[in-house]
Structure formats: C-alpha cells, structure tokens
Novice: 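There's a structure below that I have some questions on.
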Amino acid sequence: MSKYVIMMDVSGDIVDESIKKWDLKFIPMQYSLGEEMRTSTGPEDAAVLKAFYDGQRGGDLTKTSQITPFQYEEYFEPYLKEGFSILYLALSSGLSSTFSAACLASETLKEKYPELDVMPVDSLAATGGMGILIEQALKNREAGMSLQENYKVLTSLVPKGRNWFLVQDLNYLKRGGRISSTTAIFGSMLNIKPILKIDENGKLTTIAKKRGNKMAVQALIDYFKENYDPQAPKTIYISNADCKELGDMLAGKLKELYPDLEIKQTTLSPIIGAHTGPGMLMLSHIGK
C-alpha cells in the first residue's frame, strides 16, 4: 500500500487534539483585515481570532484570495518528492474555485510523478463540516485504509453532510450578494437572524428568518432533529465567530436531547469569517 498524507485547506475547522493526534497537513490561504494581508497556515490562535472579529466589529473590511493551480503545485510537490501520495479535502466548489484549481494542479503533477496520486475531494462544505469529513479520513488511514479506499469512503460521505448556520450582521451577506440592501437594512432593524444552509450543490441558501438569537438557535436544533441519523457518526461540530455563549447554548441543548453525541466546538476560521462576520454560528453533522 502506498503511503499518503491527508491535507485540508484552512477554511475548514478542526479541534487541536485531532490535528496533533493524526498529523493533519494544511493548505495556506490568504485573508485581509483592513489594509493588512495575512496568510493563515493552520488554525489561528485565540488572540489572532479575537483581534480579527473585533476588527470587523470596528469596521475593518475583510476579504480572502483564491489559491491558484500553481500555488497548489508548490504546496503538493514537496510531499510527492518524498514519495507520498496526497488526499486533499477542498472548500466547497459552490463557494470557491479551490477545488477546480487543485484538480488542475493534480493533472499537471501526474505528468511529473506518474507513480503517485493527488486526489482532491470536493467537500461541498466548509468550516466544521470539513472537520467532520477530514477526521473520518484520518481515522480511516489509521485503520490501514488505502488512499483509493479512503477516497471512495470520503466521497460517499460528502452528500450526507449537513451544514446549518445563523448570522448576526446582515451587511456581510449583502456584500456577498446573498440578500438585498433593503433586506439588510430592515432585517437589522427588526433583529432578524437569517438561517442558511450549504445545499446539495455546495452553495449557500437561505432557508428561514428568525427574530432574535434564541429562536434562531432553536431553528438550528429543529433542522438537526429533522436530519438526524442515529446510525451516522456521532461527531458534530459547532463553529462560532467569536460568540462562544451561543455555541455553548446550542451544545447544551443538543446534549440534553442526544446524550451520546460527541460535540466539538471551534472558533470559525478567518477565511470563512471574512464573508459572514462576527456572531455567526454553524452546526455541522452527517445526516440522513
């Protein structure tokens, strides 16, 4: 069986203990805060994340940049030179061009390293939804699964991924073209919290609007109940954009309903937070 590394770009969220346990590799991505451009090479520490979301609250504009096929080649090739194949989990193709860029890099590198494989997987997810998938891939490798087998299992799980989230600041969705300026103005005045999901095509879709955080958190719980599969992996991820009190509220209510869940909480990476703003709360799991 050929040896291989497992990689994920930094738009995914995963708890520190899983990174250390299974030696997960990361593809860096760039983001800006105001005039400053930064490169994220892995999960950011708490101080960096706090400064990022406080900067957004203070009016700093945030954006991200795409990874080019050439950059992917630069990231992948050192492992190929050492004789490793690569299993790579990419941010949803419905949200970014990273997956297609990784595929182009894979094709180019195959000509140079025909005996090795670079196998990108389109997560059709983001943040903790990617964390759940990559943890399963890491467990599979530890159990002795080959690269090809692991790729097949991972791609079979992708359509079962469920990602629900609420946002606080409607202006971030307005800038991304998700809602109109009028909706953003009146929604903010009325304390409306949109509930969105990542759909089967990996794109953002608004599915409800709730007044206030309490009703919005309950909506996330209701969507989880509707899609819960007791036979699916018990790991769920709750990712918050510097609103841990909402994450704790959601985690506590879910634990009361489903005591056997393994709930993991993370702070949202700046790569996704740049487009959703502070106060976003996301619930990710494998569903029916």
Novice: More than 12 non-hydrogen atoms from neighbouring residues, nucleotides or ligands closer than 6.0 Å to NZ on Lys110, yes or no?
Specialist: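 Buried by this count: over 12 neighbours within 6.0 Å.
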Novice: In this structure, which one of Ile134, Leu154, Asp23, Asn140 forms a side chain to side chain contact (heavy atoms under 4.5 Å, CB included) with Ile6?
Specialist: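 When side chain to side chain contact (heavy atoms under 4.5 Å, CB included) is applied between Ile6 and each of Ile134, Leu154, Asp23, Asn140, only Ile134 qualifies.
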Novice: Counting N and O atoms only, with roles assigned by atom type, does the side chain of Gln56 sit under 3.5 Å from a partner on the main chain of Gly273, one being a donor and the other an acceptor?
Specialist: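 Checked: pair present.
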Novice: Under 3.5 Å, is there a donor-acceptor pair between the side chain of Thr108 and the main chain of Leu104?
Specialist: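 Between the backbone of Leu104 and the side chain of Thr108 there is a qualifying donor-acceptor contact (under 3.5 Å).
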Novice: Salt bridge check: are Lys288 and Asp229 linked by an N-O gap of less than 4.0 Å?
Specialist: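 Judged by the 4.0 Å cut-off on N to carboxylate O distance, Lys288 and Asp229 do not form a salt bridge.
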Novice: Looking only at atom types and distance, does a side-chain atom of Arg141 sit under 3.5 Å from a main-chain N or O of Trp22, one as donor and one as acceptor?
Specialist: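 Yes.
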Novice: Could you check whether any side-chain N or O of Tyr53 sits under 3.5 Å from a backbone N or O of Cys243, counting only pairs where one atom can act as donor and the other as acceptor?
Specialist: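 No, because the side chain of Tyr53 does not come within donor-acceptor range (under 3.5 Å) of the backbone of Cys243.
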Novice: What are the two closest heavy atoms between Ala216 and Lys193, and how far apart are they?
Specialist: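 Heavy atoms only, the tightest pair is CB-CB, 3.9 Å.
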Novice: Are Ser11 and Met29 side-chain neighbours, meaning at least one heavy-atom pair lies under 4.5 Å?
Specialist: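 In short, these two side chains touch, coming nearer than 4.5 Å.
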Novice: Look at the side-chain heavy atoms of Ile, Leu, Val, Met, Phe, Trp and Tyr, link any pair under 4.5 Å apart, and say whether Ile271 and Ile132 land in one connected group.
Specialist: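 Yes; Ile132 is reachable from Ile271 via cluster members.
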Novice: For the residue pair Ser123 and Phe99, establish whether any side-chain heavy-atom pair is separated by less than 4.5 Å.
Specialist: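 Answer no - side chains too far apart.
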Novice: Going through the checks in order, is the side-chain contact (heavy atoms from CB on, under 4.5 Å) test met by Ile198 and Leu124?
Specialist: CA-CA 8 Å; Ile198 300 178; Leu124 296 180; 5.5 Å; no
Novice: Indicate, with yes or no, if Tyr258 and Tyr237 share a hydrophobic cluster defined by side-chain heavy-atom contacts under 4.5 Å among Ile, Leu, Val, Met, Phe, Trp and Tyr.
Specialist: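 No.
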Novice: Could you point out which residue of Leu254, Leu283, Leu246 forms a side chain to side chain contact (heavy atoms under 4.5 Å, CB included) with Val217?
Specialist: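 Answer to the side chain to side chain contact (heavy atoms under 4.5 Å, CB included) test with Val217 among Leu254, Leu283, Leu246: Leu246.
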Novice: Hey, are Asn240 and Glu245 close enough side-chain-wise for a donor-acceptor pair under 3.5 Å?
Specialist: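 Side-chain D/A pair, Glu245 to Asn240: absent.
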Novice: Is the shortest side-chain heavy-atom distance between Thr39 and Thr41 below 4.5 Å?
Specialist: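 Answer yes - side chains close enough.
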Novice: Do the non-hydrogen side-chain atoms of Glu44 and Phe52 ever get within less than 4.5 Å of each other?
Specialist: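 No; the side chains remain at least 4.5 Å from each other.
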Novice: For Lys214, is the NZ atom crowded, meaning more than 12 foreign heavy atoms sit under 6.0 Å from it?
Specialist: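 Count not over threshold, so no.
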Novice: Look at the side chain of Asn227 and the backbone N and O of Tyr223, then say whether any donor-acceptor pair between them is shorter than 3.5 Å.
Specialist: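 Yes; judged by distance alone, with no hydrogens or angles, the pair exists.
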Novice: So Lys264 and Thr235, side-chain contact (heavy atoms from CB on, under 4.5 Å) or not? Walk me through it.
Specialist: CA-CA 7 Å; Lys264 300 186 177 184; Thr235 300; 4.2 Å; yes
Novice: Report the C-alpha separation of Ile27 and Lys25 in whole Å, then their side-chain angles, then the decisive distance to 0.1 Å, and conclude whether the side-chain contact (heavy atoms from CB on, under 4.5 Å) test is met.
Specialist: CA-CA 7 Å; Ile27 298 288; Lys25 311 295 184 185; over 6 Å; no
Novice: Are Gln66 and Ser96 linked by a side-chain donor-acceptor pair shorter than 3.5 Å?
Specialist: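 Yes, Ser96 and Gln66 have a side-chain donor paired with an acceptor closer than 3.5 Å.
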Novice: Hydrophobic cluster membership, with links at side-chain heavy-atom distances under 4.5 Å among I/L/V/M/F/W/Y: are Tyr228 and Ile195 in one?
Specialist: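 Yes, same cluster.
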Novice: Just wondering, do Asp242 and Leu49 contact through their side chains at under 4.5 Å, heavy atoms?
Specialist: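 SC-SC contact between Leu49 and Asp242 ruled out.
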Novice: Under a single-linkage definition using a 4.5 Å side-chain heavy-atom cutoff for Ile, Leu, Val, Met, Phe, Trp and Tyr, are Met37 and Val10 assigned to the same hydrophobic cluster?
Specialist: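 No, Met37 does not connect to Val10 through the hydrophobic network.
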Novice: Counting distance only, does the side-chain N/O of Asp9 pair as donor-acceptor with the main-chain N or O of Leu91 below 3.5 Å?
Specialist: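 It does hold such a pair.
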Novice: With heavy-atom distances below 4.5 Å as the criterion, would you say the side chains of Tyr79 and Met7 are in contact?
Specialist: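 Answer yes - side chains close enough.
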Novice: For the backbone of Lys197 and the side chain of Asn163, can you confirm whether one donor and one acceptor N or O come within less than 3.5 Å of each other?
Specialist: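 Absent.
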Novice: Can a donor-acceptor pair be found between the side chains of Asp248 and Gln265 at a distance below 3.5 Å?
Specialist: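 There is such a pair (donor and acceptor under 3.5 Å, judged by atom type) between the side chains of Asp248 and Gln265.
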Novice: Are Ile272 and Ile238 linked, directly or through intermediate hydrophobic residues, by side-chain heavy-atom contacts shorter than 4.5 Å (ILVMFWY only)?
Specialist: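 Looking at the clustering, Ile272 is in a separate group from Ile238.
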Novice: For Lys255, is the NZ atom crowded, meaning more than 12 foreign heavy atoms sit under 6.0 Å from it?
Specialist: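 Yes, because the 6.0 Å sphere around NZ of Lys255 holds more than 12 heavy atoms from other groups.
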Novice: Ion pair present between Asp54 and Lys50, side-chain N to carboxylate O less than 4.0 angstrom?
Specialist: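 Counted as a salt bridge, because a side-chain N and a carboxylate O are separated by less than 4.0 Å.
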Novice: Between the side chains of Gln148 and Tyr4, does any donor sit under 3.5 Å from an acceptor?
Specialist: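 Looking only at side-chain atoms, Tyr4 and Gln148 do not form any donor-acceptor pair under 3.5 Å.
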Novice: Nearest 0.5 Å please: distance from the OG atom of Ser85 over to the CG atom of Leu80.
Specialist: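 So the gap between those two atoms works out to 7.0 Å.
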Novice: Checking side-chain hydrogen bond (donor to acceptor under 3.5 Å, both in side chains) for the pair Glu36/Ser32: CA distance, chi angles, key distance, verdict?
Specialist: CA-CA 5 Å; Glu36 182 184 359; Ser32 69; over 6 Å; no
Novice: Just by modelled atom types, is the Tyr151 backbone N or O under 3.5 Å from a matching donor or acceptor in the Thr155 side chain?
Specialist: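 Yes; judged by distance alone, with no hydrogens or angles, the pair exists.
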Novice: Can a donor-acceptor pair be found, under 3.5 Å and without considering hydrogens, that links the side chain of Glu256 to the backbone of Lys253?
Specialist: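 No; zero donor-acceptor contacts below 3.5 Å.
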Novice: Quick one, Ile286 and Arg162 - any side-chain contact, counting heavy atoms below 4.5 Å?
Specialist: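 The answer is no; the side chains never approach within 4.5 Å.
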Novice: Taking the side chain as C-beta and beyond, is there a heavy-atom pair between His285 and Phe224 under 4.5 Å?
Specialist: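 Result yes, sub-4.5 Å side-chain heavy-atom pair found.
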Novice: Does Thr267 use its side chain to pair, donor to acceptor, with the backbone of Ala241 at less than 3.5 Å?
Specialist: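 No; zero donor-acceptor contacts below 3.5 Å.
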